[in-house]
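Values below: every heavy atom of this structure, side chains too, minus hydrogens, waters and symmetry copies. Proteins get letters first, then strands, A, B, ... in listed order; numbering begins at 1 in each.
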Number of protein chains: 2
Amino acid sequence: MDQSLKLEHQICFQLYTASKELTRLYRPILAPLNLTYSQYLVMLVLWEEDGMDLRQLGSRLTLDSGTLSPLVKRLIQIGYVEKSRATDDERKIVVRLTESGSALREQALDVPRQVSGMLNIDEATYIAYMEMLTDIKTRLHDFGERQREQ
Amino acid sequence: MDQSLKLEHQICFQLYTASKELTRLYRPILAPLNLTYSQYLVMLVLWEEDGMDLRQLGSRLTLDSGTLSPLVKRLIQIGYVEKSRATDDERKIVVRLTESGSALREQALDVPRQVSGMLNIDEATYIAYMEMLTDIKTRLHDFGERQREQ
DNA sequence: AACAATTAAGTTGTGCACAATTTAAATTAT
DNA sequence: ATAATTTAAATTGTGCACAACTTAATTGTT
């Protein structure tokens with residue numbers, strides 16, 4: 001019998017479950033910060049570079065306005081960010097950290113260490129895995145390029 | 001400045017985007033089969049072993065009844081599966097392929113080949129990546145075990 | 001046998017994720 | 001300059017994903 005459709009042989013399934021289970025690990029760690037996982041990703045971007053517009057945020061996280069608009073609205077309600085129109089281009093919405101959102105970074109500093117501890121992974125393996133994941137994404141993007149060329 | 005919160009350094013983010021982008025790749029491939037990605041996963045399980053109950057399906061895919069109940073309902077509407085009560089345990093709902101659902105397997109046989117082609121990945125690399133993902137999941141499960149012991 | 005605890009599905013509510021559409025602002029072309 | 005096109009964000013609708021809860025069947029205990 002053909003084995004190609006076996007669930008466990010699908011790289012997509014392994015990626016999908018690994019991602020889901022790792023995200024599950026984050027939930028209790030992020031709960032004290034009052035953040036969901038996706039909201040945490042947005043905060044990571046803003047802590048790196050405050051005052052991004054939605055489109056920039058989206059291209060960084062591969063999320064469109066349909067996901068980001070309501071997500072940012074929730075971050076505003078919590079009080080971590082605020083919105084304003086860009087002065088040079090009235091279409092753009094600039095998202096900025098509030099004082100509370102900036103301050104949260106201190107608390108978040110411990111998150112990566114906690115996750116590493118839970119994964120119990122050494123530096124070399126971690127780097128190797130990161131490279132593999134980057135490679136998968138590169139292959140996906142390369143395919144996208146090839147498609148676009150035709 | 002501390003780099004630990006840099007988005008690209010987070011393995012969770014790389015997993016999350018890799019998974020999302022690979023799923024995106026499946027969408028146009030699965031569209032002719034009239035399946036979403038999650039529905040495809042359920043079909044993969046049923047093609048392997050028909051007549052599973054919801055709990056078994058869920059433990060195989062790491063999904064709970066809150067996700068599976070409505071998902072299976074949609075598969076019934078499409079006409080690929082049907083539900084019935086287990087005779088030995090009236091709590092259990094057994095999900096079985098219809099003729100149309102069984103027949104769909106023939107069409108699906110080409111899906112993995114198409115995806116591999118798009119990823120443009122050789123056998124050895126593919127296996128190495130699968131092992132990495134399995135290892136990540138093992139580490140996550142190991143942590144779960146350690147937690148439960150306390 | 002009768003009651004308590006557990007288990008299987010289903011339901012409700014929240015929050016992504018994304019396609020498709022809408023609205024308004026900015027660019028470009030004529 | 002004005003019309004056509006493009007772009008940014010928001011909105012609408014569908015389908016996961018999961019926590020919390022409900023209902024009904026089964027199992028365990030006394």
What's [X] touching, base or sugar-phosphate or nothing? Going by heavy atoms closer than 4.0 Å.
X	value
B:Asp89	sugar-phosphate
B:Ser38	sugar-phosphate
A:Ser19	nothing
B:Leu68	nothing

Looking only at side-chain atoms of [X], point me to the closest of [options].
X	options	value
B:Arg91	C:dT7, D:dA9, D:dC18	C:dT7
A:Arg55	D:dA8, C:dG10, D:dA17	D:dA8
B:Lys92	C:dA9, C:dC18, C:dG15	C:dA9

Once you round it to whole Å, what is the distance between [atom2] of [N] and [atom1] of [X]?
X	N	atom1	atom2	value
A:Arg24	D:dA17	CZ	P	11 Å
B:Lys73	C:dT11	NZ	P	5 Å
A:Leu41	C:dG15	CG	P	16 Å
B:Asp53	C:dG10	CG	P	11 Å
A:Asp64	D:dT7	CG	C1'	14 Å
B:Gln39	C:dC18	CD	C1'	15 Å

With under 30° as parallel and over 60° as perpendicular, where do the rings of B:Tyr16 and A:Tyr37 fit, or are they tilted in between?
perpendicular
Check the orientation of B:Tyr40 and B:Tyr26. Use parallel for under 30°, tilted for 30 to 60°, and perpendicular for over 60°.
tilted
Can you check whether B:Gln39's main-chain N or O pairs, donor with acceptor, with B:Tyr80's side chain at less than 3.5 Å?
no
Is there a side-chain contact between B:Arg74 and the phosphate of D:dC16, meaning an N or O under 4.0 Å from OP1 or OP2?
yes
Phosphate OP1/OP2 of C:dA17: any B:Tyr16 side-chain N/O under 4.0 Å
yes
Please determine whether a side-chain nitrogen of the Lys or Arg among A:Glu48 and A:Arg60 lies less than 4.0 Å from a carboxylate oxygen of the Asp or Glu.
yes
Distance-only donor-acceptor test, A:Thr36 side-chain atoms vs C:dG15 base atoms, 3.5 Å
no
Spell out yes or no: do the side chain of A:Ser69 and the base of D:dA9 have one donor N/O and one acceptor N/O closer than 3.5 Å?
no
